[in-house]
Amino acid sequence: MIRSIETRRANLRRAFPDDLRQRLTGARVTDLDRRAKYGLISTDRGDTMIFHLGMSGRWRVDPVELQLHDHLVIETGEGRRLALNDARRFGSVDLVPTDTLAAFPAFQLLGPEPLDRSFDAAYLRAALTGKRTSIKLALLDQRVVAGLGNIYVCEALYDARIDPHHMAGDIGYDALVRLVDAVHLVLEAAIAAGGSTLRDYARPDGELGYFSKLFAVYGREGEPCACGGLVARYAEGGRSTFWCPACQGAKLPKRLRKS
DNA sequence: CCGACAACCTGACGGC
DNA sequence: TGCCGTCAGGTTGTCG
């Protein structure tokens, strides 16, 4: 039971819903769920709170005391507290009637969940056909597959031995099969390790996630890959891509090739 | 439809 | 020691 909900500022990326307190105070949580990178908290009043942690967001469970960047605080009927902490405020909180959840704007164009059966090589082939962008950017596109971020795209492409520059629509079926397997492998390993700790990420219990220690390429520019080659980095779409040219094909992208 | 870029923010880090 | 530039897990919008 949500005994109280308090906002300590007016907004994250966008304003907090102005009826948040009115609609959630006293409500009972009936369901916790997730879609893509959004967390869903449903109540017996027929509302669902949709939150996104952005880059730096985290829930702090039973904090000893509130601290800087604790922007929203929920107190439960058992006297426990949840503080939504987000230094960069790239996160978001929305509240919608549960029966209109499917109409939430950010959910309109989302692709399948990467761990759902429907995300397979045949789907990917259809989704990527005609795409004139790199496989790296295509996998970051939440319309193609929903929930992969920069780290896991880099790691999955490495695992599948696919050149991140490769045109998405030109990837062969065998490589797509490897890619789907790699996405599954990387996500399952990351979940088992408790997530990826970079700087300010921690699990809700405050413990760190250890998958970052298992990164093969992410954040390892200049370090040796298992093959002996060196991990490289380039920027595309404003994001860093880490890869091993020796393992993933050393072709230079067209735009970097001397004419 | 696509790429490039900017905006939204704070904080950590490296170089000097 | 401290200042400054750069970079960071993501999403959304504009412009060409």
Side-chain angles (χ1 to χ4, degrees), chain A residues 8-16 34-39 50-60 67-72 83-94 104-111 114 126-157 164-170 183 186-187 189-191 193-204 208-222 232-242 253-256:
Chain A
R8 308 178 80 226
R9 59 171 298 121
N11 65 296
L12 296 180
R13 284 204 64 197
R14 27 179 195 273
F16 286 122
R34 179 195 59 76
R35 175 72 174 110
K37 299 174 190 172
Y38 295 84
I50 305 169
F51 66 89
H52 194 296
L53 298 175
M55 300 270 234
S56 57
R58 72 182 108 167
W59 283 103
R60 302 202 308 125
Q67 53 183 226
L68 190 64
H69 307 311
D70 284 340
H71 303 309
L72 179 148
L84 180 58
N85 184 286
D86 185 1
R88 292 181 72 181
R89 308 208 297 269
F90 281 8
S92 61
V93 172
D94 294 282
F104 185 63
F107 293 172
Q108 290 310 293
L109 300 172
L110 285 181
L128 299 180
T129 295
K131 279 247 175 220
R132 306 300 308 159
T133 189
S134 69
I135 186 64
K136 164 66 196 300
L137 289 182
L139 289 178
L140 274 182
D141 185 341
Q142 303 296 297
R143 294 171 297 189
V144 172
V145 55
L148 297 183
N150 203 27
I151 291 176
Y152 299 125
V153 168
C154 290
E155 293 295 310
L157 287 171
H165 306 92
H166 204 123
M167 275 296 156
D170 294 344
V183 166
V186 164
L187 289 182
I191 291 166
S196 302
T197 294
L198 289 185
R199 293 202 176 100
D200 46 9
Y201 172 83
R203 303 191 311 194
L208 303 181
Y210 286 99
F211 187 68
S212 53
K213 299 192 186 310
L214 304 177
F215 290 168
V217 288
Y218 187 87
R220 306 184 75 101
E221 182 183 15
R233 175 169 83 107
Y234 69 94
E236 182 186 20
R239 318 295 299 280
S240 282
T241 300
F242 297 89
K254 265 184 195 156
R255 64 182 162 280
L256 296 181

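For C:dT6 and B:dC5, the P atoms lie 15 Å apart once the distance is rounded to whole Å. Rounded to whole Å, the separation between the C1' atoms of C:dG9 and B:dG3 comes to 23 Å.
Between A:Phe242 atom CZ and C:dG9 atom C1' there is a gap of 12 Å when expressed in whole angstrom units. The nearest whole Å value for the distance from the NZ atom in A:Lys131 to the C1' atom in B:dC2 is 9 Å. Taking atom CD on A:Gln108 and atom P on C:dT11, their separation rounds to 16 Å, with Å as the unit. Straight-line distance from the CG atom of A:Asp141 to the P atom of B:dC1: 11 Å, rounded to whole Å. Between the OH atom of A:Tyr152 and the P atom of C:dG9 there is a distance of 12 Å, rounded to whole Å. Separating the CZ atom of A:Phe90 from the C1' atom of C:dC7 is a distance of 12 Å, rounded to the nearest angstrom. Distance A:Leu140 CG to C:dT12 C1': 15 Å, rounded to the nearest Å. Atom-to-atom, NE2 of A:His69 to P of B:dC9 comes out at 13 Å; the value is rounded to the nearest Å.
Nearest nucleotide to the side chain of A:Met55, out of C:dG9, C:dT11, B:dT10: C:dG9. Candidate nucleotides C:dT11, C:dA8, B:dC2 were compared by shortest atom distance to the side chain of A:Gln142, and C:dT11 ranks first. You'll find that the side chain of A:Tyr38 is closest to C:dT11, out of B:dC2, C:dG9, C:dT11. Closest to the A:Asn150 side chain, of the nucleotides B:dG11, C:dG9, C:dT12, is C:dG9.
For the residue pair A:Arg233/A:Ser240, the side-chain donor-acceptor check at 3.5 Å is satisfied.
Across all strands, A:Arg233 comes closer than 4.0 Å only to sugar-phosphate atoms, never to a base (heavy-atom distances). Using a 4.0 Å heavy-atom criterion, one finds that A:Ser92 contacts no nucleic acid atom at all. In this structure, A:Gly149 reaches the sugar-phosphate backbone alone: every heavy-atom distance under 4.0 Å involves primed, P, OP1 or OP2 atoms, never a base.
Taking 4.0 angstrom as the limit, A:Thr133 places a side-chain polar atom (N or O) nearer than this to OP1 or OP2 of B:dG3. For A:Arg239, a side-chain nitrogen or oxygen approaches OP1 or OP2 of C:dG9 to under 4.0 Å. Proximity of A:His52 to the phosphate of C:dG9: no side-chain N or O atom is located under 4.0 Å from OP1 or OP2. OP1 and OP2 of C:dA8 both lie 4.0 Å or more from every side-chain N or O belonging to A:Tyr218. For C:dG9, the OP1/OP2 oxygens have no side-chain nitrogen or oxygen of A:Lys37 closer than 4.0 Å.
Base-pair partner of B:dC9: not found among the strands shown (Watson-Crick or G-U wobble, both distances under 3.5 Å). Across all strands shown, C:dC4 forms a Watson-Crick or G-U wobble pair with B:dG14, both key distances being under 3.5 Å.
If you find the closest nucleotide of DNA chain B to A:Gly238 and to A:Arg143, the one lying nearer the 5' end belongs to A:Arg143.
Contact check for A:Lys136 versus A:Val153: side-chain heavy atoms found under the 4.5 Å cut-off.
Between the side chain of A:Arg89 and the base of B:dC9, no donor-acceptor pair under 3.5 Å is found.
Between A:Arg58 and A:Leu53, the shortest heavy-atom contact is N-CD2, 3.8 Å.
For the pair A:Lys37 (side chain) and A:Leu148 (backbone), a donor-acceptor distance under 3.5 Å is present. A donor-acceptor contact shorter than 3.5 Å is absent between the side chain of A:Glu236 and the backbone of A:Leu137.
Between A:Ile50 atom CD1 and A:Phe107 atom CZ the span is 4.5 Å, to the nearest 0.5 Å.
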